[in-house]
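Letters A, B, ... mirror the listed sequences (proteins, then strands); counts begin at 1.
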Amino acid sequence: MRYSRYFLFTSKEKPVGALNVSHSTLLRGNFISQLSAGVYNFLPIGFRVLKKVWKIIEEEMDRIGAFEVLMPALHPSELWKKTGRWETMDNVMFKLQDKKGSEFVLGTTHEEIITDIVSKFVKSYKNLPMLLYQIQVKFRDEMRPKGGLIRAREFIMKDLYSFHTSWECLDRTYQDVYNAYQRIFRRLSIPVEVVEAFSGPIGGDVSHEFMVITNAGEDKFAKCSRCGYSVSTEIAQVFKKQINYEYNPKRELQKVYTPNISSVEELVNFLKRESKDFVKSILYKTEEKYVLVLVRGDREINEIKLSKHLGSDLVLANEEDFEKIESVMGFVGPIGLKKNVKIISDYSVYGLRNIIVGANERDYHYTGVDYDNIPISEFVDLSVVHDGDPCFKCGGEYRIYPALELGHIFKLGTKYSEPLNAYFTDKDGKIKPIVMGCYGIGVSRIISAIVESYSDENSISWTFNSAPFFVYLITINIDDETQRAFSERIYNQLIANNLEVLWDDRKESAGIKFKDWELIGVPFCIIIGSKISTNKVELKINKSFAKTVKNVDTEIWEHLIKNLFVDVNVDDIISLIKYIYVQLDKRYNEYV
RNA sequence: CGGGGUGUAGCUCAGCCUGGCUAGAGCGCGUGCCUUGGGAGCACGAGGUCCGCGGUUCAAGUCCGCGCACCCCGACCA
């Protein structure tokens, strides 16, 4: 590709509103451009990267025997109503109507559609298991899109669905997909952490997330520094026997006047105490009763854990509910509750003395409360995991990492096959619901993840399998006939050897070309300049890319650094680049 | 969905408070000269629905109302 003819318009100015490296550099490098909030164009060079990632995913899906399909983005409402998600996913759906007034939705995900397809054709155990996937655009009306491709309203996703006669069969496929995902991320050189996860509204029991550690992400996970157990902070449990008890000296129980002060922050200031000296009391309503949940003031209740413990959906109590239990919103507490309300507490409250709680009376709190004077019916693990908490598996210490979710795999069971009537006839002639799994990868998000993992403010560093070109060829002075002619020979030879090259043949100053090479993030740079008169051509390697090369193969690395200046011999230059390309190709694509 | 902010040249922004004649700058773009190993220099030039609609006024980019879009913080979120 000749830069002078290409659709490539880089910018040296940092775009306003681009808060993280990937958003900023992808815009500056002209990989993407914004059409609307959370809606992006993939421009030619960005689309090249997308297709590279796409290809790796296709190869790994093929390898586990999945077949690629392409489903519509426009879905009639019927199927979504059958599974109930027309209502439960309403907050992220783009809904629309046709001219007749029939309702449609732009696909947020495709369980309904794929299950419908399979239900129509797959009727026998002989055709199971069956794996189908697609790489396609998804629509989610996020309240707040941000970070460029990281949280978009229209984005590209790989979604695989598997169909089975039994859970045992599903388990095997789940493991296959797990391994395939590991291979995909390894081939793209993305350092992922596999994390036990909450399955959320997609449903099902078991799930794993593939996360990359970065501040640009919006998720967190906890990892034990001793045993390595990784788990989403949404569900991370703590080891119950090792709570960090906080003992304060014992004091008299006192009722104190705290006018209009109900939040922990306000109380901290007003009473000159620390947030861990308070116990938050939150009143929940379950189907049949009220439950008051206690947690130390510097912690937050994890509603997923709480709901699981109570075995019921949760609703926060409202003003009316507080009247019913004769307490006051904002001043509720576990001492002197008039009505019988079940009180359960997070472990973090165990052992606390001289703590502060609401007095169930407007503008009053109790101080000097001891944990064993509160009628707590049980201590349970109910709070959001913190850095340093004891690991559920081994009692070691959790560390909390900020992360970006790239993939998520679920065992769905029959959640979709039953309502959508996807049944098969088994060997024994019995009709049974198909057992399903589903597996997603955020394809466009992967592009941001690669940039976040390896790049800085002014330069991207694509990995071997994601780079839009392998070689960036710079001709310092295109008006110099010797330089131009030599560059052209190199250019043609690179193409003849299937080495993807972007030739910066513009009539621009040298600095612009170097900066663009760095910004665009191509692994190799060949520089044809005035040193051609002393028979030398310079090779450069993207710094961050060099590190990845060094990590995977020191031999290739040694070979490289010996040859940063090479003699003007087209064949030698081409064979050097080709050699490195072939070695890396083997390393990343054959022996993974 | 709550709070805050912004909308003027392709991009980044000034001008608005205190209404007034031909709406500016830097970058980018075009032409010419010069230059070619780290985003050069000089000269000339093109480029505007001042977000939209309505109102006030002799007069609106500027003041008022409504709407739309985008950005930020929070809540929410496979």
So what's [N] paired with, Watson-Crick or G-U wobble, going by both distances under 3.5 Å?
| N | answer |
| --- | --- |
| B/U6 | B/A69 |
| B/C1 | B/G74 |
| B/C50 | none |
| B/G32 | B/C42 |

Using the [atom1] atom as the reference point in each nucleotide, state the distance between [N] and [M] in Å, no decimals.
| N | M | atom1 | value |
| --- | --- | --- | --- |
| B/G52 | B/G41 | P | 35 Å |
| B/U62 | B/G19 | P | 12 Å |
| B/C53 | B/G74 | C1' | 32 Å |
| B/C64 | B/G2 | P | 23 Å |
| B/C16 | B/C63 | C1' | 9 Å |
| B/G7 | B/U12 | P | 12 Å |
| B/G54 | B/C50 | P | 14 Å |
| B/A43 | B/G61 | C1' | 32 Å |

Quick one: label [X] by what it contacts on the DNA or RNA (base, sugar-phosphate, nothing), any heavy atom closer than 4.0 Å.
| X | value |
| --- | --- |
| A/Asp480 | nothing |
| A/Lys513 | nothing |
| A/Phe155 | base |
| A/Lys14 | nothing |
| A/Ile474 | nothing |
| A/Ser36 | sugar-phosphate |
| A/Glu405 | sugar-phosphate |
| A/Arg28 | base |
| A/Gly440 | nothing |
| A/Gln483 | nothing |
| A/Glu538 | base |

Query raised in the report: Of all heavy-atom pairs between A/Tyr491 and A/Met1, which one has the smallest distance, and what is that distance?
Result: OH-N, 2.9 Å
Query raised in the report: Think A/Arg144 has a side-chain N or O under 4.0 angstrom from the OP1 or OP2 of B/C73?
Result: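 So the side-chain polar atoms of A/Arg144 do come within 4.0 Å of the phosphate oxygens OP1 or OP2 of B/C73, strictly under.
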**Report entry** B/G38 base / A/Lys540 side chain donor-acceptor hit below 3.5 Å
**Finding:**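 Pair found.
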Requested in this report: Any chance you could lay out the side-chain contact (heavy atoms from CB on, under 4.5 Å) test for A/Glu112 and A/Arg85, step after step, and finish with the verdict?
Outcome: CA-CA 9 Å; A/Glu112 278 79 358; A/Arg85 293 208 293 179; 2.7 Å; yes
Report task. Decide whether A/His408 and A/Ser207 meet the rule of one side-chain donor and one side-chain acceptor closer than 3.5 Å. Result ->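 Yes, a side-chain donor-acceptor pair sits under 3.5 Å.
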Query raised in the report: Hey, which of these two, A/Asp219 or A/Ser509, hits RNA chain B nearer its 5' end, going by closest nucleotide?
Result: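 The answer here is A/Ser509.
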**Report entry** Shortest side-chain distance from A/Asn477, nucleotide among B/G38, B/A40, B/U36
**Finding:**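 That would be B/U36.
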Requested in this report: Could you go through the side-chain contact (heavy atoms from CB on, under 4.5 Å) check for A/Ile476 and A/Lys513 one step at a time?
Outcome: CA-CA 8 Å; A/Ile476 298 286; A/Lys513 296 175 186 177; 5.8 Å; no
Report task. Please state whether the rings of A/His208 and A/Tyr178 are parallel, tilted or perpendicular, taking 30° and 60° as the class boundaries. Result -> perpendicular
